[in-house]
**Q** 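Before anything else, here's the structure in question.
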Amino acid sequence: MAESNIGATMDELLLAALERGGDTSQTGRYIITFKEGGLETGVRNLQSKHSFQMADARDFAEQAVSLQDAAQVDVLSFPEIGVALMSGEAAATRNLMTTEAADDESVQSIDPEYFVFSSGVNPRDYLRGAMRALEMVQADLAEDEEQQEPGTGAGSGAPAPQPLVAGVTWGLTAVKVPPSRFDGSGIRVAILDTGFDLGHPDFAGRPIVSATFAGQPVMDLHGHGTHTAGTACGPLAPSGAIPRYGVAHRALMYIGKVLNNSGGGTQAQSLAGINWAIANRCAVISMSLGAAGSPVQPSYTNAGAAAMANGCLIIAAAGNSSNRPAVINGAGAPANSPTVLSVASITSAMQVSSFSDGQKVDIAGPGSGIYSSYKRPAAHTTLSGTSMATPHVSGCAALWAQSSPALRGAALRARLLATARALPFPASDVGSGLVQAP
Amino acid sequence: MSDQSIQALVVTTVGDRPIESVAQDLRAAGFDVQQVLEFVESITGMAPASKVEEFRRIAGVADVTVDHPIDIGPPGAAIS
């Protein structure tokens, strides 16, 4: 069996991931994130409790670590960034694959390491690997279905619908936003959509950075962008009898208009929007848009990798071209790129929304009957779609990003997936499950 | 007859050359460059469809695709 040790090459890690099956986006190694200032103590504790072979990045000239030279090491620590890399074997033999298992005050979290594809990798080569992985996952899912008892199919084991919290939308309640102590402060959230109603009363006094790539002013005469931005970043307490509908109410809003007031746009416009969001170091890039039926676009795959390399995460709607249960279509671009987090939609009864696309899905959010801000004069309305599920995930991503500066890019993606609430549906419908706020 | 119709194209680069150099070579080959997107490592613009294969052979170019439209539907669509 191929190994996921510290010195393994990318090829060896990919091979090991394919042999393991399951989630092939993980390398098999683990990242230990230490609390601020906790690395020295944490590393000492790990060494004494688990007799690890340890190495420190400071042992290498100018901390330019060559992982191949650390092949025999169980844990390699990086003091500058407060994290350590643990080999898959070390994690498995000590049963140290979760934060809880560490049982150590100085450990913030233990998360699987994910593959990150730099621009130097030809995306087509990677996609061939991804397709092989997809075939294996599909084969596994088919086996699981065969093993199910009659009558226990998807749906019968769904958790009870969420009780409604007074003054809060069902979507926010379902993703556990009301009890969260985080509000998105200091986190930049880019919403690439039809713009925003810049005079909306619920956002009076809120600083908003905006840019247009659609050949029209940012002002949203469509309504879609005002709705999705509202879900991701709407206020804690809207005035009047309006319930709370926004997740990260103190996040810094970056509005990029990439779709015109008719709801249309191009790939080039959306790439320009992503480029702007990365240049502005937006930790979260929310894209409630897509091209149904489009094959994976190398440009989006590259953009997703570039985003993660710069500490950003692209979150995109899977699409609404399905008509369940009869028709389930695959997610379109950009959501179908392996480097983009793809969001499916669920209903308040905790079922998959009939329109929600499948296959390449990473996570799910509330997307049916979602109340949020809208262009004036209506100012608020209820809409449905994976477009509405996406900003629930984006808002939660902002809260997680606020909870730890280590949670950026691939680490943020991993945390969202690891903490999602499991749902009794195939991963091809809901991915890891329903997103949860920290 | 080769296809001389002008199309909107998206060029994905591999990042092993400065993106401006790739853009220069594309221009020299007849690509009307509109955006050089440094962070996402893509170049967008217009060119005859018949030249796509030629652009693909330029060093640093990973892929050339026809720009695809995005449409979330008109205002007030039931599902978006």
Side-chain angles (χ1 to χ4, degrees), chain A residues 118-124 193-194 213 221-224 227-228 258-259 261-272 274-279 288-292 294 297-307 310 312 317 320 333 353 355 367-368 375 381 383-388, chain B residues 5-23 25-27 31-49 51-53 55-80:
Chain A
S118 75
S119 53
V121 176
N122 185 329
R124 280 172 301 188
D193 210 299
T194 59
F213 307 94
L221 301 180
H222 184 286
H224 192 266
H227 198 277
T228 56
V258 301
L259 301 174
N261 291 322
S262 306
T266 66
Q267 188 180 357
Q269 287 167 5
S270 79
L271 286 167
I274 296 171
N275 197 70
W276 170 76
I278 297 175
S288 289
L289 56 81
S294 163
Q297 296 292 330
S299 59
Y300 284 135
T301 304
N302 237 25
N310 284 288
C312 312
N320 311 309
S353 303
F355 48 76
S368 286
K375 64 175 175 172
T381 197
L383 295 175
S384 295
T386 51
S387 281
M388 282 68 240
Chain B
S5 64
I6 304 290
Q7 287 192 304
L9 299 172
V10 175
V11 176
T12 309
T13 70
V14 293
D16 58 359
R17 284 183 75 195
I19 194 164
E20 275 299 345
S21 307
V22 180
D25 288 359
L26 283 166
R27 282 190 195 98
F31 189 99
D32 177 13
V33 173
Q34 292 180 337
Q35 305 180 105
V36 177
L37 302 171
E38 182 194 346
F39 286 96
V40 297
E41 298 168 341
S42 288
I43 297 165
T44 67
M46 311 287 287
K51 292 204 149 197
V52 165
E53 280 311 316
F55 300 146
R56 285 203 173 111
R57 288 194 292 271
I58 291 173
V61 170
D63 190 82
V64 182
T65 49
V66 176
D67 190 343
H68 67 76
I70 300 168
D71 191 357
I72 57 161
I79 296 170
S80 62

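Every chain is numbered from 1 and lettered A, B, ... according to where its sequence line falls, protein lines coming before strand lines.
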**Q** Between Gln297(A) and Ala333(A), what is the shortest heavy-atom contact and its length?
**A** CG-CB, 3.8 Å
**Q** Between Ser294(A) and chain B, which part of the residue has a heavy atom less than 4.5 Å away: side chain, backbone, both or neither?
**A** side chain
**Q** With a 4.5 angstrom heavy-atom cut-off, which part of Ser270(A) approaches chain B: side chain, backbone, both or neither?
**A** side chain
**Q** Going by side chain to side chain donor-acceptor pair (under 3.5 Å), name the residues that satisfy it together with Ser288(A), two or more places apart in sequence or in a different chain.
**A** none
**Q** Out of Ile19(B), Leu26(B), Val22(B), which residue meets the side-chain contact (heavy atoms from CB on, under 4.5 Å) rule with Val36(B)?
**A** Ile19(B)
**Q** Tell me, out of Ala291(A), Ala303(A), Gly265(A), who's got the most heavy-atom pairs with chain B below 4.5 Å.
**A** Gly265(A)
**Q** Hey, which of Gly264(A), Ser353(A), Ser384(A) has the most heavy atom pairs under 4.5 Å with chain B?
**A** Ser384(A)
**Q** For Thr228(A) and Asp193(A), which I'm curious about, is there any donor-acceptor pair between the side chains at under 3.5 Å?
**A** yes
**Q** Below 4.5 Å, heavy-atom pairs only: which of Leu9(B), Val10(B), Thr44(B) has the largest tally toward chain A?
**A** Val10(B)
**Q** Which atoms of Leu289(A) come close to chain B, meaning under 4.5 Å heavy atom to heavy atom: side chain ones, backbone ones, both, or neither?
**A** both
**Q** Taking only distance into account, with no hydrogens and no angle test, what donor-acceptor pairs under 3.5 Å do side-chain atoms of residues 66-80 of chain B form with protein atoms, sequence neighbours excluded?
**A**
| from | atom 1 | to | atom 2 | distance (Å) |
| --- | --- | --- | --- | --- |
| Asp67(B) | OD1 | Gln267(A) | N | 2.8 |
| Asp67(B) | OD2 | Ala268(A) | N | 3.3 |
| Asp71(B) | OD1 | Gly73(B) | N | 2.9 |
| Ser80(B) | OG | His224(A) | NE2 | 3.1 |

